[in-house]
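Written out below as structure tokens is the structure these notes cover.
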Amino acid sequence: MSIRDPIEDLAHLRHEFGEHGGVNMSIEASSTFTVIDPKTMPDLFQGRAGPDKGCYLYGRHFNPTVYNLGRQMAALDGTEAAYCTASGMGAISGVILCLCNAGDEIVASNAVYGGTYALLHDFLPAKSGIKTTFVDITDLDAVEAAITGRTRLVFTESVSNPTLRLANMPRLAEIAQAKGVPLCVDNTFSPLILRPAALGADIVVHSITKFISGASDIIAGAVCGSESFIGELMDLHTGPLMLLGPTMDPHVASQVSMRIPHLPLRMVAHGERAFAICERLVGIGVNVNYPGLSRHPDHELFNELRCPDFGYGGVFTIDVGEEDKANDLMNHLQNEQRFGYLAVSLGYFDTLMSCSGSSTSSEMSEEGKDEAGISPGLVRVSIGYTGTLEQRWDQLFAALEATGLVKATSRRRTA
Ligand SMILES: *Cc1c(COP(=O)(O)O)cnc(C)c1O
């Protein structure tokens, strides 16, 4: 598989039809499953029979609808297998607890989702003695130097939240592989755009809650990886997804499976809108950060690694310096201009915006935020594709003007 052929993979995503010939897969609502021959039961418990052979045991283990969504996710990411979880955090914590025992270590990017940061920085050391060394993931020498004999995984986001730096996945994979450590990439910000498995990652996790769902109505996640790793996660006696129980509901799996077919269209729409708005913001002198801009520090690398059909993603940031100014801008954008909503999360069809330092990254210390480059006035914008570009630009410009961030005359320069 190459990084450039996801459309072809997506065309093969459809594995299942409904029970009565329905064009959508059926929802299997059972929490437990009968066996015809009593001898199948021990086979299931010993792993000799399983969903790959059409044998199911219990819904927290495998459910056919969730299993089928897992196959769609595996096709999306180009991995052998995948399984879905109740949330992105369920996926991330499952992966970590599968690979690490008490006293083991993780090397992780210092710019990750706040929940992941809190899990690695505080929760895991306190509960299990699993310690994380945080590094600037763009500093490859620092990554290599941080890996010790106890390191059990290297963890990064493909595009970091909220700083939008790109992980050099092929190089990170080389470094990790040379040390015999798997590379796990959280690809929540860039489904389809970046394909971490094709770029060398061993494990890919997603918060389906964001772009893949696309409607901010579902909390869900997935782990994509080798057949054997997914098997370990789901092992009846030792698997963390089995024993900790972050299980996806089959109704949710059915809903998500009907959104994956239009994920490519949505990613393109988010990317086009973000690109157009960011170019205009540059034109009027706003401090904007977006991987699609030539001035972004990883723009060239992004062009090398991305699948060119899907743009540069739907998230950009505007740095207005101070938290008060950020709040003033977001207040105008939501309450005066109806440009979008002051809310955490991303990947929604409408625009969502939040001040990262005081919201989704508030778990981090001031030094941690400083090191990761999260300024107090950083507004993260997950751009929606509703309305027209001109309508949205007028709204955004009016809010920037009203909050003194641009002068009225500057608009003409972009015309
Ligand atoms: C939201 C998010 C998560 C957590 O996902 P949930 O579905 O909310 O549990 C993890 N990683 C990233 C990058 C996210 O944006």
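In each ligand, atom 1 is the first atom listed, and ligand 1 is the first ligand listed.
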Can you give the donor-acceptor pairs under 3.5 Å from side chains of residues 265-278 to other protein atoms, not counting sequence neighbours?
from, atom 1, to, atom 2, distance (Å)
Arg266, NE, His262, ND1, 2.9
Arg266, NH1, Phe211, O, 2.6
Arg266, NH2, Ile212, O, 3.1
Arg266, NH2, Arg259, O, 3.0
His270, ND1, Ile383, O, 2.7
Arg273, NH1, Thr386, O, 3.0
Arg273, NH2, Gly387, O, 2.9

If you apply the rule salt bridge (charged side-chain N to carboxylate O under 4.0 Å, His left out), what do you find for Arg171 with Glu144, and how did you get there? CA-CA 10 Å; Arg171 289 287 293 116; Glu144 186 163 15; 5.9 Å; no
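For the residue pair Tyr348 / Asp217, no side-chain donor-acceptor distance below 3.5 Å is found, with atom types taken as modelled.
Rounded to the nearest 0.5 angstrom, His296 NE2 and Phe316 CZ are separated by 13.0 Å.
Asp202 contributes a side-chain N or O that, together with a main-chain N or O of Leu183, makes up a donor-acceptor pair within less than 3.5 Å.
Relative ring orientation between Tyr56 and Phe33 is described as tilted, the plane-to-plane angle lying within the 30° to 60° band.
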Does ligand 1 have any N/O atom under 3.5 Å from a protein N/O, and what are those pairs and their distances?
from, atom 1, to, atom 2, distance (Å)
ligand 1, 5 (O), Ser207, OG, 3.0
ligand 1, 7 (O), Gly88, N, 2.8
ligand 1, 7 (O), Ser207, OG, 2.8
ligand 1, 7 (O), Thr209, OG1, 2.6
ligand 1, 9 (O), Gly88, N, 3.0
ligand 1, 9 (O), Met89, N, 2.8
ligand 1, 11 (N), Asp186, OD2, 2.6
ligand 1, 15 (O), Lys210, NZ, 2.7

